[in-house]
2 protein chains.
Amino acid sequence: MKAIINKPTIKDVAQKAGVSVATVSRILNGLEGYSEETKEKVNKAIIEMNYQRNEIARHLKIKRTHTIGVLLPTRGTSFYIELLNGIQDVAHKNKYSVVNCNTGDQWQLTNDYLRVLAERQVDGMIICSLPAGLGYDKTIYDTSIPSVLVSTVSDHFQIPYIKVDDFRASYAATLHLIQNGHRQIAFLGGDKDDRIAGKPRLQGYLEALREYQIPVKESLIKHTHFSFKDGVLGMKQLLNEKETFTAIFAACDDIAVGALSVAYHEGIKVPDELSIIGYDNTNAAEMCYPPLTTVAQPLYQMGERAVELLIQSIETGKKGESIIMPYEIIERKTVKPLV
Amino acid sequence: MKAIINKPTIKDVAQKAGVSVATVSRILNGLEGYSEETKEKVNKAIIEMNYQRNEIARHLKIKRTHTIGVLLPTRGTSFYIELLNGIQDVAHKNKYSVVNCNTGDQWQLTNDYLRVLAERQVDGMIICSLPAGLGYDKTIYDTSIPSVLVSTVSDHFQIPYIKVDDFRASYAATLHLIQNGHRQIAFLGGDKDDRIAGKPRLQGYLEALREYQIPVKESLIKHTHFSFKDGVLGMKQLLNEKETFTAIFAACDDIAVGALSVAYHEGIKVPDELSIIGYDNTNAAEMCYPPLTTVAQPLYQMGERAVELLIQSIETGKKGESIIMPYEIIERKTVKPLV
DNA sequence: ATAATTAGAGTAAACGTTTACTAAGGGAAG
DNA sequence: CTTCCCTTAGTAAACGTTTACTCTAATTAT
């Protein structure tokens, strides 16, 4: 009766194989202390009963859950999926499971999720794009759960991170435009005080201009947010104000594609009359027309490295070292030398 | 010493508050059997020690994990994120966590993940776009873990599902083109024998043609897969073979956008010289130029409903009823009446 | 031949909860 | 004044593992 209703436990297996639970456990875990013969007996019983380990019980005992929590904001739909794929693939290879947490577009649910993850005894956490200044980094640090940040940093706490050098990458993107002869370059930025995608990208842009002695024109710099709609908005502002510019550096691909779309609407030919370079190399960059020249963050690989770093830190007990990932300029069809 | 190294347990709280663990547990769970006074004492202790429940232990005892597993194929990056958002939001509201499983683009990891999820004692599973004919539905059924399918069905087992009526939706999409005066309509399909996005969508297309007595021209029907590249490919075939057609119905947005991109390349004006309608209403549809007319699946809502259905089935022990979601034609700018 | 080691296995105590059962004390009902 | 019940609480047995100990018998070393 009981056997029909409940799943078989290690006890049932032991009984059926005529050994003790300890022996079964040892076999299950590949430890030593049994003969080849008993091993076969036990394995036979396991198969016959279709026994499956209860990992919950195991986790309780070994005080490890082989689970990592991932915190992501909801916005920027095209950005995170690649990252997530990288995270999940490497996690699975290392026999970790990942529980996903959508913190909402304003990060409202962050503390909520942090509590849940702690209660669920996750072995580690990966936190992406966490905004600075709201004290979340302290909360994370205080949990004393091994963590790694992706595409963000903590100002006050030593939490290892993985990101590209946004300043240099933006510098390179701007330089790419300059080297194509452009001098009047507009900047479509996202949230101005975003630690990662805001400030450093603007700085990189400014630095490139400075180095080439191109005067900065404030009216060519528009800050909105990071969505397609914001790109539309920024571009329209530029156009309404009758600014003259031959190129645009957009702080993310969605913005760039938004600008691209307005350009088409207005009959501005890209890249003949206007060059545009984006940032992120999301799949929108490949799918838009003309395909977008952009700076690529190796999102999938960043996910992979994040997990590797995290697992290392879980298993050694030491914090790992932060990693700066290489960026790359992907030349497609939206940048053309100025004639 | 111990107190410093290890997290406080319910035992420590009980000791500190001078009560038994049973009382603490009852307070934690909002049961009855204690005075207001003890409750306050205990809550004070909880706060002072910064006690957090160990959910793993709890799960072991109550034999429920409040966890649901989600199985997704890797392909179709833009499709699943919305679904996932819906799933996660509702799950969180109901205090469930979701563990994400990427089964790979060929579903290679399905059995692997199914085992992991069972061992982790998930309360339920949501499986998306599972292909038929490979026997995975049997495996799922055999786990006897409550499950719901999204955008797929099982031929042989009674597993509740959530999907739109692909046949009717495709019929409607094709009809939309017909009503705009088109008679030479090409079909760019994905995998031909996909139970959901393959066969029914083709059938819907054929049915609409039949009903309006438009002869089917096999050479206008191209089957590839579901990616942007496939859209490019399919469109190029059509062009190479010098087919004449005034409209395209694409089985997914990525295909449609691929076709759109080729059209631009070749100087074919959309929608003036060619109308295109897609399927899915992914955000690519909004971001491409011109913005894509497409049939919308309410992805986010489907995720929501899937979780609701699953939770209901977990908590009542009965299988829920399958749900057919409404589709909607989103008119943007790629379809125009034939002059 | 005896002592020391070892291989193969079992016993039972954890891990941190929940919960069925038990018990004491106080108030209401008879 | 007893009897009964309710409230407030405690005791201890699970849940399904892992693992430190213990034990026996066989093998090896002396």
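It should be emphasised that the depicted structure is a prediction, and the values quoted were computed from it without experimental measurement. Order of the sequence lines sets the chain letters (A, B, ...), proteins ahead of strands, with each chain counted from 1.
- In this structure, CD of A:Q15 is placed 14 Å from P of D:dG16, rounded to the nearest angstrom.
- Contact between the side-chain N/O atoms of B:N29 and the OP1/OP2 oxygens of C:dT18 is found at a separation under 4.0 Å.
- OP1 or OP2 of C:dC15 has not a single side-chain nitrogen or oxygen of A:R58 nearer than 4.0 Å.
- Comparing A:V21 and A:E37 by the nucleotide of DNA chain C whose heavy atom lies nearest to each, the residue mapping closer to the 5' end is A:E37.
- Judged by distance alone, the side chain of B:D123 and the main-chain N or O of B:I68 form no donor-acceptor pair under 3.5 Å.
- Within 4.0 Å of B:S35, counting heavy atoms only, lie sugar-phosphate atoms of the nucleic acid but no base atom.
- Along DNA chain D, the nucleotide nearest to B:A57 and the one nearest to A:V24 differ in position, and the one closer to the 5' end is contacted by B:A57.
- Considering only heavy atoms from C-beta on, B:F226 comes within 4.5 Å of B:D194 through its side chain.
- Counting to the nearest Å, the P atom of D:dT19 and the CD1 atom of A:I27 are 15 Å from each other.
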Check nucleotides 24-27 of chain C for protein N or O atoms closer than 3.5 Å to its own N or O atoms and list the pairs.
none

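- Checked for salt-bridge contact, B:K138 and B:D142 meet the test: a charged N lies under 4.0 Å from a carboxylate O.
- No side-chain heavy atom of A:V307 sits under 4.5 Å from any side-chain heavy atom of A:V98.
- Residue side chain A:R26 does not reach the base of C:dG8 through any donor-acceptor N/O pair under 3.5 Å, judged by distance alone.
- One atom, CD of A:E32, and another, C1' of D:dT19, lie 14 Å apart when rounded to the nearest Å.
- Listed candidates were C:dT18, C:dA9, C:dG16. Nearest to the side chain of A:T38 is C:dA9.
- Fit an axis to the five pairs at each end of the helix from C:dA1-D:dT30 to C:dG30-D:dC1 and the two axes sit 50° apart, to the nearest 10 degrees.
- Side-chain N/O atoms of B:T9 include none lying less than 4.0 angstrom from OP1 or OP2 on C:dG16.
- Regarding A:K11, its NZ atom lies at a distance of 7 Å from the P atom of D:dC15, rounded to whole Å.
- Separating the CD1 atom of A:I10 from the P atom of C:dA12 is a distance of 17 Å, rounded to the nearest angstrom.
- A:L60 comes within contact range of at least one nucleobase, with a heavy-atom separation under 4.0 Å.
- B:R64 places its CZ atom 12 Å from the P atom of C:dT19, with the value rounded to the nearest Å.
- Not one N or O on the side chain of B:D191 forms a donor-acceptor pair closer than 3.5 Å with the backbone of B:D193.
- Between the A:Q108 side chain and the A:Q106 main chain, a donor and an acceptor come within less than 3.5 Å of each other.
- Distances shorter than 4.0 Å separate none of the side-chain N or O atoms of B:S25 from OP1 or OP2 on C:dT17.
- For A:A22, taking side-chain heavy atoms from C-beta onward, the closest of the listed nucleotides C:dA12, D:dG10, C:dT17 is C:dA12.
- Of the possible polar contacts, none joining the B:Y80 side chain to the B:C128 backbone as a donor-acceptor pair under 3.5 Å is found.
- Look at A:Y51 and you'll find a side-chain N or O under 4.0 angstrom from OP1 or OP2 of D:dT17.
- For B:K11, the side chain to side chain donor-acceptor pair (under 3.5 Å) criterion is met by no residue, not counting sequence neighbours.
- Atom CD in A:E55 sits about 14 Å away from atom P in D:dG16, given to the nearest Å.
- Rounding to whole angstrom units, NZ of residue B:K61 and C1' of D:dC15 are separated by 5 Å.
- In this structure, B:T9 and B:V21 have side chains that are not in contact, with every pair of non-hydrogen atoms separated by 4.5 Å or more.
- Residues B:T65 and B:R120 are not in side-chain contact: their nearest non-hydrogen atoms beyond the backbone lie 4.5 Å or more apart.
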